[in-house]
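Computed from heavy atoms alone, side chains included, the values below leave out hydrogens, waters and symmetry copies. Proteins get letters first, then strands, A, B, ... in listed order; numbering begins at 1 in each.
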Amino acid sequence: MPEGHLVHRYADEQHEALAGRVVSATSPQGRFDAGPYDGRVVEGVEALGKHLLYRLEGAPAIHVHLGMRGLFLRYDDPAAEPRKGTRLRLATGEAAFDLIAPARCEPMDERALAALRAATGPDPLRGDVGRTEAVQRLLAAHVPVGAAVLDQGVWSGIGNAWRAELLFLTGLDPGARDIGAEAAGRLWDAAVRYLALGRDAGQVVSDPEAPDERWVYKRERCRRCGTAVRTWTLASRTAYACPADQHLDAL
DNA sequence: AAGTAATGCATAA
DNA sequence: TATGCCTTACTTA
């Protein structure tokens, strides 16, 4: 489920609830050593692409990656029984956040943190990298645009559903190469705008008028023109595109 | 009830 | 290229 928009949503929600407060940290499942974190003050919860970083006073950061199936459950009653399989619970007196089925949940020292930041491309939901640099990074990839946007070292936070919808919105075929600065800029602008809509809505939104609809992702036919959607494998994931509305040569 | 793909990706082979 | 995460949503029986 989780692409960057949901990771940012989790980070914002948890930062709001946990930052500046003492938390109890436990691993009901037992697969994470929560001891070093229990009873400490949370300094902040941050999203970096699809990564979540927890800073707690006097302890290493916690690095969480949800992978394909990870999720959080929020309980307004912090005494609520966690479901078994809960890797990590962070709780205050008011709420508990339970981490289920993450691909990664581990302490991360400063060196590894710096390496992660260096390896992670511009995140459309963070205001810390400008449009010009984001465009340059995409153009420097020299692979099909549909492969570049899934490469978290080029841009971060975009997953397979956003790839399909953002490229549709920009009129670009995922196989397009050397798309040029203008098209790359439009793609970045779409990512910034739509991922923010998705973060706020808690789901992929590619048409604000119809937030539950998709243009091509997992569709049989293009929602705009009805042409059969083409699917193939690109960068190890299923690509979706409308042959009529998306083009190999950026206009 | 049971099987399967999936909005991800590091690691092993 | 295959596996593990060990959930959820959807399909088939």
Side-chain angles (χ1 to χ4, degrees), chain A residues 1-11 27-33 47-53 62-75 81-89 97-109 111-113 115-121 123-125 141 143 146-169 174 190-191 194-207 211-220 223 229 231-241:
Chain A
M1 270 148 83
E3 296 187 45
H5 65 300
L6 290 181
V7 174
H8 275 267
R9 184 182 176 89
Y10 284 136
S27 178
Q29 176 201 51
R31 289 188 49 193
F32 177 73
D33 178 12
L48 177 68
K50 296 173 190 168
H51 302 272
L52 271 168
L53 301 171
I62 303 173
H63 169 234
V64 168
H65 195 292
L66 296 173
M68 188 86 89
R69 7 196 229 198
L71 69 152
F72 283 96
L73 298 176
R74 182 197 170 113
Y75 295 94
E81 191 65 24
R83 81 163 73 168
K84 86 176 176 193
T86 299
R87 184 79 61 92
L88 172 64
R89 164 172 283 191
F97 294 91
D98 286 8
L99 171 61
I100 316 287
R104 290 269 176 273
C105 174
E106 63 208 356
M108 182 170 273
D109 64 25
R111 175 185 294 268
L113 211 48
L116 178 65
R117 290 187 194 281
T120 301
D123 177 345
L125 288 179
V143 294
V149 297
L150 282 189
D151 181 339
Q152 303 298 299
V154 176
W155 288 357
S156 63
I158 292 172
N160 202 32
W162 283 114
R163 167 173 79 169
E165 296 296 277
L166 292 173
L167 290 175
F168 176 88
L169 287 164
Y194 284 92
L195 263 71
L197 292 175
R199 175 197 58 208
D200 297 343
Q203 64 177 60
V204 171
V205 175
S206 50
D207 178 359
D212 293 332
E213 297 290 339
R214 311 284 176 263
W215 294 109
V216 292
Y217 177 67
K218 284 190 175 176
R219 285 184 62 96
E220 196 108 334
R223 188 169 153 254
V229 168
T231 64
W232 70 105
T233 299
L234 178 60
S236 305
R237 313 298 300 280
T238 304
Y240 303 82

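- Candidate nucleotides dG8(B), dT8(C), dA6(B) were compared by shortest atom distance to the side chain of Leu71(A), and dT8(C) ranks first.
- Distance check on atom P: dA2(B) versus dC6(C) gives 22 Å, rounded to whole Å.
- For the P atoms, the distance from dT4(B) to dT3(C) is 15 Å, rounded to whole Å.
- The nearest whole Å value for the distance from the CZ atom in Arg163(A) to the P atom in dT7(B) is 9 Å.
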When you look at Arg89(A) and Tyr75(A), which way does the side-chain contact (heavy atoms from CB on, under 4.5 Å) test go after all the steps? CA-CA 10 Å; Arg89(A) 164 172 283 191; Tyr75(A) 295 94; 3.6 Å; yes

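- Remark: P of dT4(B) and NZ of Lys218(A) are 17 Å apart, rounded to the nearest angstrom.
- The backbone N or O of Leu88(A) lies less than 3.5 Å from no partner atom in the side chain of Ser27(A), so there is not a single donor-acceptor pair.
- Dashed line: the shortest gap from a side-chain N or O of Arg87(A) to OP1 or OP2 of dC6(C) is under 4.0 Å.
- Panel note: side chain Glu165(A), backbone Arg163(A); no donor-acceptor pair is recorded below 3.5 Å.
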Identify each atom pair where a protein N or O and an N or O of nucleotides 9-13 of chain B are less than 3.5 Å apart, giving names and distance.
from, atom 1, to, atom 2, distance (Å)
dC9(B), OP2, Lys50(A), NZ, 3.0
dA10(B), O3', Arg104(A), NH2, 3.1

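- Counting any heavy atom pair closer than 4.0 Å across all strands shown, Glu106(A) reaches no nucleic acid atom.
- Remark: Trp162(A) pairs with His5(A) by the side-chain hydrogen bond (donor to acceptor under 3.5 Å, both in side chains) rule, at least two apart or across chains.
- The distance from atom CG of Leu99(A) to atom P of dT7(C) is 12 Å, rounded to the nearest whole Å.
- Between dA13(C) and dA5(B), the two P atoms lie 14 Å apart (nearest whole Å).
- In this structure, the CG atom of Leu197(A) is 21 Å from the P atom of dT7(B), given to the nearest Å.
- Residue Trp215(A) contributes atom CH2, which lies 21 Å from atom P of dT7(B) at whole-angstrom precision.
- Between dC6(C) and Gln29(A), a contact under 4.0 Å exists linking OP1 or OP2 to a side-chain N or O.
- One P atom belongs to dA2(C), the other to dA6(B), and the distance between them is 16 Å to the nearest Å.
- Residue His51(A) forms a side chain to side chain donor-acceptor pair (under 3.5 Å) with just one option from His65(A), His63(A), Arg104(A), and that option is His63(A).
- In this structure, Arg31(A) atom CZ and dT7(C) atom P are separated by 11 Å, rounded to whole Å.
- Between the side chain of Thr86(A) and the main chain of Arg83(A), a donor-acceptor pair closer than 3.5 Å is present.
- Between Asn160(A) atom CG and dG8(B) atom P there is a gap of 6 Å when expressed in whole angstrom units.
- A side-chain donor-acceptor contact under 3.5 Å links Glu3(A) to the backbone of Ala161(A).
- Spacing of P atoms, dT11(B) relative to dT7(C), comes out at 22 Å, to the nearest Å.
- Nucleotides dA13(B) and dC5(C) have their P atoms positioned 14 Å apart, rounded to a whole Å.
- Residues forming a side-chain hydrogen bond (donor to acceptor under 3.5 Å, both in side chains) with Arg237(A) (at least two apart in sequence, or on another chain): none.
- Residue Asp212(A) contributes atom CG, which lies 15 Å from atom C1' of dT7(B) at whole-angstrom precision.
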